[in-house]
Asker: 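The structure is given below, and queries will be raised subsequently.
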Amino acid sequence: MAIATVIIPTLNEEENIDNLLERLVEVQRGNPFAFDILFVDSASEDETQQKVLAWQKRAPVRLLAQKFNVGLAGAVMAGARHATADLVVVMDADLSHPPEDIPRLLQPLVAGTSNMSLGSRYTAGSAMPDWPVGRKIKSRLATIPARMFCDVKDPLSGFFAIERDLLVSLPGTVPGFKIALALLAQYRKTIRVVEIPIVFCDRNCGSSKMSCSVVFAYLRQLVSLFARHYPGR
Ligand code: GDD
Ligand code: MN
């Protein structure tokens with residue numbers, strides 16, 4: 001019986017699926033915490049869905065295929081509603097998030113010491129070996145406003161484990177990419193979060209889906225968080 005469902009949103013990631021699943025299956029073999037895998041694909045135009053389906057005979061992999069693109073955060077929310085385990089792990093498909101770190105993310109939740117663990121690029125022991133200094137600075141600057149709404153160093157991380165109920169109970173919709181930030185802000189007063197250092201690598205293959213509309217969605221999210229958490233200012 002799986003104690004966690006690993007949710008992986010995808011949009012045109014055909015070149016990464018085999019590599020990712022090979023590594024995930026290897027982690028499953030040696031992992032004390034059994035997990036299943038749920039891909040949430042938002043109408044990819046490449047062979048992403050076929051690649052995932054081809055793995056179903058070899059590993060506990062499911063595919064939630066959406067007719068329309070609901071965005072990364074929307075895909076994660078849909079995945080949480082379909083997940084079967086009490087815990088979920090959210091990760092990107094492009095191998096920026098090392099699958100080998102999944103047991104380290106799950107450990108504090110299984111032990112009951114945290115309800116959320118965040119794969120962090122900005123805590124002691126983290127590294128981003130592939131990024132040039134300019135990109136690191138931009139990324140770091142982007143986290144500054146988000147830190148008004150939560151108490152972690154990397155609120156924009158897309159790699160985390162959380163109790164499924166918390167994800168499913170998140171009110172409203174989250175535009176764009178920053179689902180972890182929405183959770184951290186919503187549950188700030190009650191959630192016990194631990195940051196786990198990760199080595200964040202550049203995407204393995206294919207291209208990033210980050211775009212101007214994703215940046216605007218982040219700005220919209222910041223404005224609505226500000227209105228909600230600092231009313232009257
Ligand atoms: N279903 C779905 N729909 N999946 C999506 C969508 C979408 O609209 N957009 C992106 N994805 C999937 C990608 O296929 C990938 O698996 C994952 O979400 C992340 O997309 P990337 O294109 O690799 O994003 P990124 O590297 O720019 O941003 C990621 O890393 C940032 C930290 O550097 C995300 O995890 C961000 O949330 C994070 O801040
Ligand atoms: Mn990426």
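Just follow the structure's listing: the first ligand is 1, and inside any ligand the first atom is 1. Please read all numbers here as calculations on a predicted model, not as lab measurements.
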Asker: Measure from the side-chain N and O atoms of Tyr218 to the backbone N and O of Gly176, and report whether any donor-acceptor pair falls under 3.5 Å.
Answerer: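 Flag not set: sc Tyr218 to bb Gly176 has no pair under 3.5 Å.
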Asker: Between Leu64, Asn69, Asn16, flag the one that comes closest to atom 8 (O) of ligand 1 by a heavy atom.
Answerer: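 That would be Asn69.
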Asker: Would Asp41 count as a polar contact of ligand 1, with the cut-off being nitrogen or oxygen pairs under 3.5 Å?
Answerer: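 No, since none of the N or O atoms of Asp41 sits under 3.5 Å from an N or O of ligand 1.
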Asker: Among protein heavy atoms, which sits nearest to atom 12 (C) of ligand 1, and what does the distance come to when rounded to 0.1 Å?
Answerer: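 Here the closest protein heavy atom is Pro9 O, 3.4 Å.
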Asker: Pairs of nitrogen or oxygen atoms closer than 3.5 Å, one from His97 and one from ligand 1: do any exist?
Answerer: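 No, His97 has no N/O under 3.5 Å of an N/O on ligand 1.
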Asker: Scan side-chain atoms only and decide if Thr48 and Asp41 contain a donor-acceptor pair under the 3.5 Å cut-off.
Answerer: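 Looking only at side-chain atoms, Asp41 and Thr48 do not form any donor-acceptor pair under 3.5 Å.
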Asker: Please determine whether a side-chain nitrogen of the Lys or Arg among Glu13 and Arg203 lies less than 4.0 Å from a carboxylate oxygen of the Asp or Glu.
Answerer: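 Yes, Glu13 and Arg203 are salt-bridged.
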Asker: Kindly confirm or rule out an N or O of Ser207 lying under 3.5 angstrom from an N or O of ligand 1.
Answerer: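 No.
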Asker: Judged by atom type as modelled, is there a donor-acceptor pair below 3.5 Å linking the side chain of Glu14 to the main-chain atoms of Glu47?
Answerer: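 Checked: pair present.
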Asker: Is there a side-chain contact between Phe159 and Leu105 (heavy atoms, below 4.5 Å)?
Answerer: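 A side-chain contact under 4.5 Å exists here.
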Asker: Between Asp202 and Arg135, is there a salt bridge with N-O shorter than 4.0 Å?
Answerer: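 Counted as a salt bridge, because a side-chain N and a carboxylate O are separated by less than 4.0 Å.
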Asker: For atom 26 (O) of ligand 1, which protein heavy atom lies nearest, and how many Å away is it?
Answerer: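 It is Asp94 OD2, 4.1 Å.
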Asker: More than 12 heavy atoms of other residues, nucleotides or ligands under 6.0 Å from CZ of Phe226: is that the case?
Answerer: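 Above 12, so yes.
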Asker: Of all the atoms in ligand 1, which lie at a distance below 4.0 Å from a heavy atom belonging to Ser208?
Answerer: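 In order of numbering, the contacting atoms are 22 (O), 25 (P), 27 (O).
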Asker: Mark up the atoms of ligand 1 that fall under 4.0 Å of a heavy atom belonging to Val40, in ascending order.
Answerer: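 Under 4.0 Å from Val40, ligand 1 has these atoms: 1 (N).
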Asker: Quick one: nearest non-hydrogen protein atom to atom 22 (O) of ligand 1, plus distance?
Answerer: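 Of every protein heavy atom, Lys209 N, 2.5 Å lies nearest to atom 22 (O) of ligand 1.
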Asker: Counting only N and O atoms by type, is there a donor-acceptor contact under 3.5 Å from the side chain of Glu195 to the main-chain atoms of Thr123?
Answerer: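 No, the answer is negative, given that no donor and acceptor are paired below the 3.5 Å cut-off.
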Asker: If you measure every N/O of Leu156 against every N/O of ligand 1, is any gap under 3.5 Å?
Answerer: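 In this structure, Leu156 places an N or O atom under 3.5 Å from an N or O of ligand 1.
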Asker: Starting from atom 17 (C) of ligand 1, locate the nearest protein heavy atom and write down its residue, its atom name and how far away it is, to 0.1 Å.
Answerer: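 Answer for atom 17 (C) of ligand 1: Asp92 OD1, 3.4 Å.
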Asker: Is it the side chain (CB and beyond), the backbone, both or neither of Trp131 that lies under 4.0 Å from ligand 1, heavy atoms counted?
Answerer: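 The answer is the side chain.
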Asker: Which of the numbered atoms in ligand 1 are below 4.0 angstrom from a heavy atom of Ala93?
Answerer: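 Those qualifying, in numeric order: 15 (C), 16 (O).
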Asker: Please list, in number order, the atoms of ligand 1 under 4.0 Å from a heavy atom of Glu13.
Answerer: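 Numbered from 1, ligand 1 contributes 13 (C), 14 (O), 15 (C), 16 (O).
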Asker: Give the atom numbers and elements of ligand 1 that come within less than 4.0 Å of a heavy atom of Arg121.
Answerer: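 Those qualifying, in numeric order: 32 (C), 33 (O).
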Asker: So is Gly71 close enough to ligand 1, meaning a heavy atom under 4.0 angstrom away?
Answerer: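 Gly71 counts as a contact of ligand 1 under the 4.0 Å cut-off.
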Asker: Is the side chain of Asp101 donor-acceptor paired with the backbone N or O of Arg104 at a distance under 3.5 Å, no angle test?
Answerer: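 No: the side chain of Asp101 does not pair with the backbone of Arg104.
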Asker: What residue and heavy atom of the protein are closest to atom 5 (C) of ligand 1, and at what distance?
Answerer: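 Atom 5 (C) of ligand 1 sits closest to the protein heavy atom Leu11 CB, 3.8 Å.
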Asker: Provide, to 0.1 Å, the distance between atom 21 (P) of ligand 1 and the closest protein heavy atom, together with that atom's residue and name.
Answerer: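 Protein heavy atom at minimum distance: Arg203 NH2, 3.5 Å.
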Asker: Show which atoms of ligand 1 fall inside a sub-4.0 Å distance from at least one heavy-atom site of Lys178.
Answerer: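 In order of numbering, the contacting atoms are 36 (C), 37 (O), 38 (C), 39 (O).
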Asker: Is the distance from the Mn ion (ligand 2) to the nearest N/O/S atom of Asp94 under 2.8 Å?
Answerer: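 Of the N, O and S atoms in Asp94, at least one lies under 2.8 Å from the Mn ion (ligand 2), which means yes.
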Asker: Which option out of Asp202, Asp154, Leu72 puts a heavy atom nearest to atom 11 (N) of ligand 1?
Answerer: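 Residue with the shortest heavy-atom distance to the ligand atom: Leu72.
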Asker: Should Phe200 be counted as touching ligand 1, given the test is an N or O pair under 3.5 Å?
Answerer: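 N/O-N/O distance below 3.5 Å does not exist for this pair.
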Asker: Does NZ or CZ of Arg140 come closer than 6.0 Å to the centre of the six-membered ring of Tyr122, within 45° of the ring's axis?
Answerer: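 Because its charged atom sits under 6.0 Å from the ring centre and within 45° of the axis, Arg140 does stack over Tyr122.
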Asker: What protein heavy atom sits nearest atom 1 (N) of ligand 1, and how far away is it?
Answerer: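 Result for atom 1 (N) of ligand 1: Ser42 OG, 2.7 Å.
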Asker: Using a 3.5 Å distance criterion without hydrogens, assess whether the side chain of Ser44 forms a donor-acceptor pair with backbone atoms of Asn12.
Answerer: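 Side chain of Ser44 to backbone of Asn12: a pair is present.
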Asker: Is the shortest distance from a heavy atom of Phe160 to ligand 1 less than 4.0 Å?
Answerer: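 The answer is no, since Phe160 has no heavy atom less than 4.0 Å from ligand 1.
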Asker: Quick check: is Val88 connected to Val40 through a chain of hydrophobic side chains (ILVMFWY, heavy atoms under 4.5 Å apart)?
Answerer: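 In one cluster: yes.
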Asker: Check Arg23 with Glu26, please: is the shortest side-chain N to carboxylate O separation under 4.0 Å?
Answerer: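 The answer is no: the pair does not qualify as a salt bridge.
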Asker: Take atom NZ in Lys209; do more than 12 heavy atoms of anything else shown fall under 6.0 Å from it?
Answerer: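 Yes, enclosed.
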Asker: Taking everything shown except Asp86 itself, do over 12 heavy atoms lie less than 6.0 Å from its CG?
Answerer: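 No, because the 6.0 Å sphere around CG of Asp86 holds 12 heavy atoms or fewer from other groups.
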Asker: Would you mind checking which non-hydrogen protein atom is closest to atom 24 (O) of ligand 1, with the distance to 0.1 Å?
Answerer: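 Here the nearest protein heavy atom works out to Phe177 CE2, 3.4 Å.
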